[in-house]
Amino acid sequence: MIVWINGTHGVGKTTTSALVQRLLPGSRVFDAEKVGETLMDIRPGLPETDNFQHWPPWRPLVVETARRVLEYTGGTLVMPMTVLVERYWREISAGLAAHAVPVRHFVLHADQETLRRRIEGDAVMGPSAFRLRYLETYAEAARTWLHAEAEVVDTTRLTPEQAAARIAGAVGAVGAVGE
C-alpha cells in the first residue's frame, strides 16, 4: 500500500511522513522528489522547466519505482510529495492502480495565513520564495479538485505528531477492517 501525503510546499509533509512511518510497522518513506533530482542530474540537461513534475518521464518513473520497491519489500510506502496538477495526479494514481497498488491519499492542509507564517519562519530552510509561489496554486487545486480526491487533515492547529497519528490511525483502522 502507498500512503501518499500531499499538500503545498511548507505544510509539513516531510516531517509528518517520518512520523507516520514510525507509527506504521513495516513501512518505509519514499520521497518521489528524489526521482526528480535524478532527472535534474542528466547531462546535458532535459528541456528547461520550473518544476521537474512537468517532465513527462517523472510521473511513470515515480509509479515504476514505487511499485518495484513494494514488490521487493512489501509493506507500506509513505510518500510525501506535492502534486497540484490534477492531470499529473490522475496519471500517477492510474499507473499505480494498473499495478493493483492501493493508495491512501491524504492532503495536509492549513489556512493561507498559517502556511505563510510557517514558510517565512522556517528555521531549517529559511524563508522560501519557491514555497510562497505555490500558495495560490495550492488554494486553486484545493478548491477545484484536490480536497475531493483525498482525505484532508487540517494541520492549522495540529502538531506534526497529531497529524501523523490521525493518518496512521486512519490507515490502521482500514487495515484492521480488511483483515
Side-chain angles (χ1 to χ4, degrees), residues 2-18 20-21 28-71 77-99 101 103-153 155 160:
I2 290 175
V3 175
W4 193 290
I5 301 180
N6 204 341
T8 194
H9 304 281
V11 74
K13 295 178 306 299
T14 301
T15 300
T16 303
S17 292
V20 168
Q21 185 273 322
R28 291 173 168 74
V29 174
F30 166 45
D31 189 343
E33 189 165 324
K34 301 300 183 194
V35 174
E37 290 173 6
T38 298
L39 293 173
M40 289 189 293
D41 285 343
I42 293 173
R43 298 292 176 255
L46 298 177
E48 185 85 19
T49 183
D50 65 341
N51 187 327
F52 58 72
Q53 291 186 17
H54 299 319
W55 286 326
W58 180 78
R59 298 172 302 276
L61 285 171
V62 166
V63 169
E64 189 64 16
T65 304
R67 86 163 185 98
R68 292 288 181 158
V69 169
L70 283 172
E71 184 179 272
L77 284 183
V78 180
M79 295 183 62
M81 189 70 222
T82 298
V83 178
L84 301 178
V85 177
E86 182 177 12
R87 181 170 54 90
Y88 297 173
W89 175 252
R90 299 251 180 259
E91 187 177 336
I92 291 166
S93 59
L96 293 167
H99 294 289
V101 176
V103 177
R104 290 290 298 271
H105 184 198
F106 294 89
V107 170
L108 299 184
H109 173 79
D111 62 58
Q112 292 284 307
E113 180 183 317
T114 300
L115 288 168
R116 188 172 304 281
R117 189 175 64 249
R118 287 178 186 171
I119 292 167
E120 291 172 349
D122 190 322
V124 176
M125 294 187 67
S128 168
F130 174 84
R131 288 173 161 189
L132 290 169
R133 187 170 66 233
Y134 279 90
L135 291 181
E136 191 53 45
T137 305
Y138 167 73
E140 179 65 14
R143 186 183 64 74
T144 58
W145 71 273
L146 183 59
H147 283 194
E149 292 290 321
E151 299 170 62
V152 178
V153 178
T155 67

Measure across [X] and [Y] and return the closest heavy-atom pair with its distance rounded to 0.1 Å.
X    : Y    : result
V63  : L96  : CG1-N, 3.9 Å
V62  : A32  : CG2-CB, 3.8 Å
A150 : V107 : CB-CG2, 3.4 Å
V103 : W89  : CG1-CH2, 4.2 Å

Can you tell me how far [atom2] of [Y] sits from [atom1] of [X], rounded to the nearest 0.5 angstrom?
X    : Y    : atom1 : atom2 : value
L77  : D31  : CG    : CG    : 11.5 Å
R59  : R87  : CZ    : CZ    : 6.0 Å
R104 : I2   : CZ    : CD1   : 13.5 Å
L132 : Q112 : CG    : CD    : 10.0 Å
L146 : T137 : CG    : OG1   : 12.0 Å
T82  : Y134 : OG1   : OH    : 9.0 Å

Is [X] reaching over with its side chain to a backbone N or O of [Y], donor-acceptor style, under 3.5 angstrom?
X    : Y    : value
K13  : T8   : yes
E149 : R90  : no
T155 : H109 : yes
W4   : M81  : yes
W55  : P47  : yes

Side chains of [X] and [Y]: does their closest heavy-atom pair fall under 4.5 Å?
X    : Y    : answer
M40  : E37  : yes
E86  : T144 : no
F130 : D50  : no
I119 : L135 : yes
T65  : F30  : yes
W58  : L39  : yes
T16  : P80  : no
Q21  : V3   : no

For this session: Indicate whether the side chain of N51 and that of Y88 have a donor and an acceptor atom separated by less than 3.5 Å.
Result: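 Side-chain D/A pair, N51 to Y88: absent.
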
Exercise. With no hydrogens and no angle check, do the side chains of H9 and Y138 hold a donor and an acceptor under 3.5 Å apart?
Worked result: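 Side chains of H9 and Y138: no pair found under 3.5 Å.
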
For this session: Tell me, with the steps shown, if H99 and E71 meet side-chain contact (heavy atoms from CB on, under 4.5 Å).
Result: CA-CA 10 Å; H99 294 289; E71 184 179 272; over 6 Å; no

For this session: Apply salt bridge (charged side-chain N to carboxylate O under 4.0 Å, His left out) to the pair R116 and E113, showing each step before the final yes or no.
Result: CA-CA 5 Å; R116 188 172 304 281; E113 180 183 317; over 6 Å; no

Problem set entry | Residue pair E120, R117: steps toward the salt bridge (charged side-chain N to carboxylate O under 4.0 Å, His left out) verdict | CA-CA 5 Å; E120 291 172 349; R117 189 175 64 249; over 6 Å; no

